[in-house]
Amino acid sequence: MQGATTRHRPRLSISGVCKEYGGRQVLRGVDLDVPAGTLVGVVGENGAGKSTLLRIAVGHLAPDRGTVTRTGAVGYCPQRAVLNDAFTVGQHLRLFQMAYRLATLERAGELMELLALTGCRRQRVGELSGGTRQKLNLLIALMHDPQLLVLDEPYQGFDWDTHQRFWTLAADLRDQGRSIIVVSHLLHDLHHFDAIAQLRQGRLHFEETNR
Ligand SMILES: Nc1ncnc2c1ncn2[C@@H]1O[C@H](COP(=O)(O)OP(=O)(O)OP(=O)(O)O)[C@@H](O)[C@H]1O
């Protein structure tokens, strides 16, 4: 949260970030600090620049100006899942186990249970429903238990029970001290956030919530 507490050193600190595409300015000086134990919502109209901001936050895209500082491991759930249709769910888990250098898939197994994915382990990703693909996309972002979670509309296509379980999980992770950013379009989800950052005309406008 901008101007928020200095209790904790922010896990993510974005300062004066600007980005344009082909002469069109999308971000015009964005500042955002996300301390440990904070769940921040980023909202805004379609095309406001939310995904652009998150891609810059995780280092997938370079800003034209401004700085981004991150500490600790990052878990990024992109808006569009980057999965290989020919591989099974289990093969994805083993691939990311190597990429994250995890000794075991214990945490992935817990998340599989929580997201009701356990029965899909042997299925090829190309055969999964949209919501189930999205569960795997989220699981891959969380399976290494990162300190900073950057989640771009992570519950697209989730059924209501899974949607509710996602918010319980997000609150637990926040309470354990993780820093979490979630892009959301759903008005009925805004009460879950500690702060809401609205992206308007290339700048973030902050609202505290009653949480
Ligand atoms: N690689 C790119 N090249 C050119 N323009 C882009 C590129 N990526 C995004 N844009 C444009 O930048 C603007 C912001 O896009 P972005 O995807 O960040 O918005 P968003 O707020 O996440 O939108 P949505 O709510 O629809 O997901 C849009 O006008 C989009 O067309």
Side-chain angles (χ1 to χ4, degrees), residues 1-2 10-34 38-70 74-84 115 125 128-142 146 148-160 162-163 166-167 169-170 178-209:
M1 290 169 285
Q2 189 192 21
R11 289 260 173 65
L12 172 70
S13 188
I14 293 175
S15 177
V17 159
C18 299
K19 182 73 188 175
E20 62 173 55
Y21 294 112
R24 183 170 164 257
Q25 271 202 302
V26 175
L27 304 178
R28 302 163 178 258
V30 169
D31 300 310
L32 176 68
D33 282 353
V34 187
T38 311
L39 177 50
V40 177
V42 174
V43 302
E45 292 175 355
N46 290 134
K50 303 178 295 298
S51 296
T52 298
L53 176 60
L54 264 55
R55 290 176 64 211
I56 290 173
V58 298
H60 284 198
L61 188 66
D64 298 332
R65 275 200 302 283
T67 57
V68 178
T69 312
R70 291 176 297 274
V74 181
Y76 175 47
C77 180
Q79 193 175 33
R80 273 191 228 147
V82 183
L83 303 171
N84 188 321
L115 294 169
V125 163
L128 299 178
S129 71
T132 308
R133 282 175 74 92
Q134 183 59 19
K135 288 179 185 182
L136 180 59
N137 190 28
L138 176 62
L139 189 147
I140 287 169
L142 302 182
L148 172 64
L149 281 64
V150 179
L151 311 178
D152 197 344
E153 297 190 54
Y155 41 64
Q156 291 173 78
F158 282 8
D159 55 60
W160 182 247
T162 314
H163 185 94
F166 164 78
W167 281 115
L169 173 65
R178 309 290 183 272
S179 308
I180 312 175
I181 306 183
V182 179
V183 166
S184 177
H185 275 294
L186 303 178
L187 275 183
H188 59 71
D189 281 339
L190 300 186
H191 67 279
H192 293 289
F193 296 119
D194 300 313
I196 296 167
Q198 187 173 51
L199 194 49
R200 233 174 22 239
Q201 292 170 343
R203 292 204 173 83
L204 281 180
H205 304 263
F206 292 85
E207 294 165 35
E208 295 292 327
T209 64

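This chain uses plain numbering: 1 for the first residue, then up along the sequence. Counting convention: from 1, in listed order, for ligands and their atoms alike. All figures in this text were calculated on a predicted structure; none of them were measured in a lab.
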Any idea which atoms of ligand 1 are less than 4.0 Å away from a heavy-atom of [X]?
X	result
Lys50	18 (O), 19 (O), 20 (P), 21 (O), 22 (O), 23 (O), 24 (P), 25 (O)
His185	25 (O)
Glu45	21 (O)
Val26	12 (O), 13 (C), 14 (C)
Arg24	12 (O), 13 (C), 28 (C), 29 (O)

**Message:** Could you go through Trp167 and Leu39, starting from their C-alpha distance and side-chain angles, then the distance that decides it, and tell me whether this counts as side chain to side chain contact (heavy atoms under 4.5 Å, CB included)?
**Reply:** CA-CA 11 Å; Trp167 281 115; Leu39 177 50; 4.2 Å; yes
I need the [X] [atom1] to [Y] [atom2] distance, nearest 0.5 Å.
X	Y	atom1	atom2	result
Lys135	Asp159	NZ	CG	5.5 Å
Asp189	His163	CG	NE2	3.5 Å
Ile181	Leu12	CD1	CG	5.0 Å
His185	Asn46	NE2	CG	5.0 Å

**Prompt:** Under 4.0 angstrom from ligand 1, any heavy atom of Arg55?
**Reply:** no
**Gly49 near ligand 1 by a heavy-atom separation under 4.0 Å** = yes
Identify the protein heavy atom lying closest to [atom], giving its residue, its atom name and the separation to 0.1 Å.
atom	value
atom 26 (O) of ligand 1	Asn46 ND2, 3.1 Å
atom 6 (C) of ligand 1	Tyr21 CD1, 3.4 Å
atom 23 (O) of ligand 1	Gly47 N, 2.9 Å
atom 17 (O) of ligand 1	Ser51 CB, 3.8 Å

**Request:** Can you confirm whether something in the protein, heavy atoms only, sits under 4.0 Å from atom 1 (N) of ligand 1?
**Result:**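 So far as the 4.0 Å threshold goes, atom 1 (N) of ligand 1 is in reach of a protein heavy atom.
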**Message:** My question is simple, although I want it checked carefully: is atom 13 (C) of ligand 1 less than 4.0 angstrom from any protein heavy atom?
**Reply:** yes
**Message:** Can a side-chain donor-acceptor contact be found between Asp152 and Ser51 if the only test is distance below 3.5 angstrom?
**Reply:** yes
**Per-residue contact class, Gln79 against ligand 1 - non-hydrogen pairs under 4.0 Å** = side chain
**Asked** Considering only heavy atoms, does Thr52 approach ligand 1 within less than 4.0 Å through its side chain, its backbone, both, or neither?
**Response**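 Near ligand 1, Thr52 shows its backbone as well as its side chain.
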**Request:** For Lys19 and Gly202, indicate whether the former's side chain and the latter's backbone hold a donor-acceptor pair under 3.5 Å.
**Result:** no
**Request:** Please check if the side chain of Arg203 supplies one atom and the backbone of Arg28 the other of a donor-acceptor pair under 3.5 Å.
**Result:**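 Confirmed, Arg203 side chain pairs with Arg28 backbone.
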**Message:** Would you say the ring centers of Trp160 and Tyr155 fall short of 6.0 Å from each other?
**Reply:**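 No, they do not, as the ring centres are separated by 6.0 Å or more.
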**Message:** For Glu45, is the CD atom crowded, meaning more than 12 foreign heavy atoms sit under 6.0 Å from it?
**Reply:** no
